[in-house]
Amino acid sequence: MAEQQTEYYSIEDYLALEAQAEERHEYEAGRIQAMSGGSINHSIMGGNIITALNNSLKDSNCTALNSDARLWIDHAHSFVYPDAMVICGKIQAAEEDPNAVVNPVLIVEVLSKSTVGYDRGDKFHKYCSLPSFQEYILIDQDKPVVDVLFREEPGYWKMTTAIGLDKSISLGSLGFDIPLAAIYRNVQDLGEPVF
């Protein structure tokens, strides 16, 4: 994430600016923050996870959304752009913005050095305030390591970690597995896990 601005913006201000902007911005309680640019590998992994999700969801009532979809988190008074989301059943739009969704079951973030702390910390805590949110996938951009956090019961999350291209992640909220080889397909200069 880039530097935060100190000026206060209303939701209406933010949405008007975002409609005209060439780059995307996140919003939190009056502050607008430009999103950092992604790498080629980040884009490849984002596309790969969307493809894997769509292939597995084709006979369900669930829909995978890419990073163009905006998410409204009412409890945090925030608009964010996850790398991917899955919504099951009817897609619900935010009252504040008809182009923002509010009911993802699963959220995916591809981790970069500049966002890893935020994605694992404050952003995850914001997501936890969403009643529909059940599962969180964190994809390491530099090596084949994927963490999956699953809400087993209110207030209790279980984390599993898959390490290596020969492993798969199991999605409890959707009932299928995704091989890490599919997530990291065509990624360049992928490092080896150090553990």
Side-chain angles (χ1 to χ4, degrees), residues 18 24-26 35-74 76 78-94 96-112 115-116 118-120 123-124 126-141 144-152 157-162 165 167-187 190:
E18 197 69 353
R24 292 179 303 164
H25 301 82
E26 293 191 344
M35 296 183 66
S36 57
S39 67
I40 292 171
N41 280 344
H42 188 285
S43 180
I44 291 169
M45 287 179 238
N48 287 346
I49 193 70
I50 284 291
T51 298
L53 288 166
N54 275 323
N55 287 341
S56 296
L57 293 170
K58 62 185 172 191
D59 294 324
S60 75
N61 71 338
C62 299
T63 304
L65 305 173
N66 69 19
S67 61
D68 291 334
R70 191 165 45 236
L71 172 64
W72 168 248
I73 306 169
D74 188 60
S78 293
F79 287 103
V80 297
Y81 290 90
D83 288 313
M85 294 182 279
V86 173
I87 294 176
C88 294
K90 183 178 184 205
I91 295 173
Q92 297 174 9
E96 294 75 5
D97 175 15
N99 291 310
V101 300
V102 297
N103 62 323
V105 170
L106 178 140
I107 297 174
V108 179
E109 294 289 359
V110 178
L111 303 175
S112 66
T115 65
V116 63
Y118 177 56
D119 289 341
R120 289 186 178 278
K123 198 170 194 182
F124 172 61
K126 288 181 198 181
Y127 291 156
C128 287
S129 71
L130 298 167
S132 62
F133 179 51
Q134 297 177 23
E135 200 151 24
Y136 195 35
I137 301 173
L138 296 163
I139 302 171
D140 191 307
Q141 186 173 198
V145 178
V146 179
D147 295 324
V148 177
L149 289 88
F150 179 71
R151 189 189 320 234
E152 290 198 325
W157 290 81
K158 177 182 177 182
M159 185 175 90
T160 56
T161 302
L165 294 174
K167 301 295 190 292
S168 294
I169 56 171
S170 181
L171 303 181
S173 64
L174 301 174
F176 56 80
D177 296 349
I178 297 176
L180 265 64
I183 295 170
Y184 290 95
R185 185 179 65 81
N186 294 331
V187 171
L190 191 61

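One is the number of the first residue; the rest follow in order along the sequence.
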Closest non-hydrogen atom pair between P179 and S168, with its separation: CA-OG, 3.3 Å
Where I178 and A52 come nearest, the two heavy atoms and their spacing: CG2-CB, 3.8 Å
For Q141 and M45, what are the C-alpha separation, side-chain angles and deciding distance, and is it a side-chain contact (heavy atoms from CB on, under 4.5 Å)? CA-CA 8 Å; Q141 186 173 198; M45 287 179 238; 3.7 Å; yes
Between T115 (side chain) and L111 (backbone), is there a donor-acceptor pair under 3.5 Å? no
So do D147 and R120 actually touch side chain to side chain, heavy atoms under 4.5 Å? yes
Is any side-chain heavy atom of L138 closer than 4.5 Å to a side-chain heavy atom of L149? yes
Is D83 reaching over with its side chain to a backbone N or O of S67, donor-acceptor style, under 3.5 angstrom? no
Any side-chain heavy-atom pair from F133 and L106 closer than 4.5 angstrom? no
Assess the side chains of H25 and E18: does a donor N or O sit below 3.5 Å from an acceptor N or O? yes
Side chains of T161 and M159, heavy atoms from C-beta outward: is any pair under 4.5 Å? yes
Is any side-chain heavy atom of L130 less than 4.5 Å from a side-chain heavy atom of V102? no
Please report the shortest heavy-atom distance between P104 and I87, naming the atom on each side. CA-CG1, 3.8 Å
Any side-chain to backbone donor/acceptor pair from Y184 onto V145? Under 3.5 Å, distance only. yes
To the nearest 0.5 Å, what is the distance between CD (Q134) and CG (L171)? 11.5 Å
Atom pair CG/SG of L174 and C62 - distance to nearest 0.5 Å: 5.5 Å
Apply side-chain contact (heavy atoms from CB on, under 4.5 Å) to the pair L71 and F79, showing each step before the final yes or no. CA-CA 5 Å; L71 172 64; F79 287 103; over 6 Å; no
What distance do M85 atom CE and T63 atom OG1 have between them, rounded to the nearest 0.5 Å? 11.0 Å
Is any side-chain heavy atom of Y127 closer than 4.5 Å to one of I73? yes
Criterion side-chain contact (heavy atoms from CB on, under 4.5 Å) on I139 and I137, from CA distance to verdict: CA-CA 6 Å; I139 302 171; I137 301 173; 3.8 Å; yes
Does C128 reach the side chain of W157, with side-chain heavy atoms less than 4.5 Å apart? yes
Atom pair CZ/CE of R24 and M35 - distance to nearest 0.5 Å: 4.5 Å
Heavy-atom closest pair (S129 atom, K126 atom, distance to 0.1 Å) is OG-O, 2.6 Å
Hey, could you give me the CD1/CD1 distance between I183 and I50, rounded to the nearest 0.5 Å? 11.5 Å
Under 3.5 Å, side chain of Q92 to main-chain N/O of V101, donor-acceptor pair present? no
Going by atom types only, do R70 and Y81 share a side-chain donor-acceptor pair under 3.5 Å? yes
Is there any salt bridge (charged side-chain N to carboxylate O under 4.0 Å, His left out) pair reaching into residues 170-181, and which pairs are they, with sequence neighbours excluded? none
So which atom in P144 and which in L180 form the shortest heavy-atom distance, rounded to 0.1 Å? O-CD2, 3.6 Å
Smallest heavy-atom separation, N103 atom then C88 atom, equals ND2-O, 4.5 Å
How far does CD of E135 sit from CD1 of I107, to the nearest 0.5 angstrom? 11.0 Å
Under 4.0 Å between a Lys/Arg side-chain N and an Asp/Glu carboxylate O for E109 and K123? yes
Side-chain heavy-atom pair L57, S60 within 4.5 angstrom cut-off: yes
S78-E26 side chain donor-acceptor pair, cut-off 3.5 Å: no
For N41 and L190: C-alpha separation, side-chain torsions, deciding distance, then whether side-chain contact (heavy atoms from CB on, under 4.5 Å) applies. CA-CA 9 Å; N41 280 344; L190 191 61; over 6 Å; no
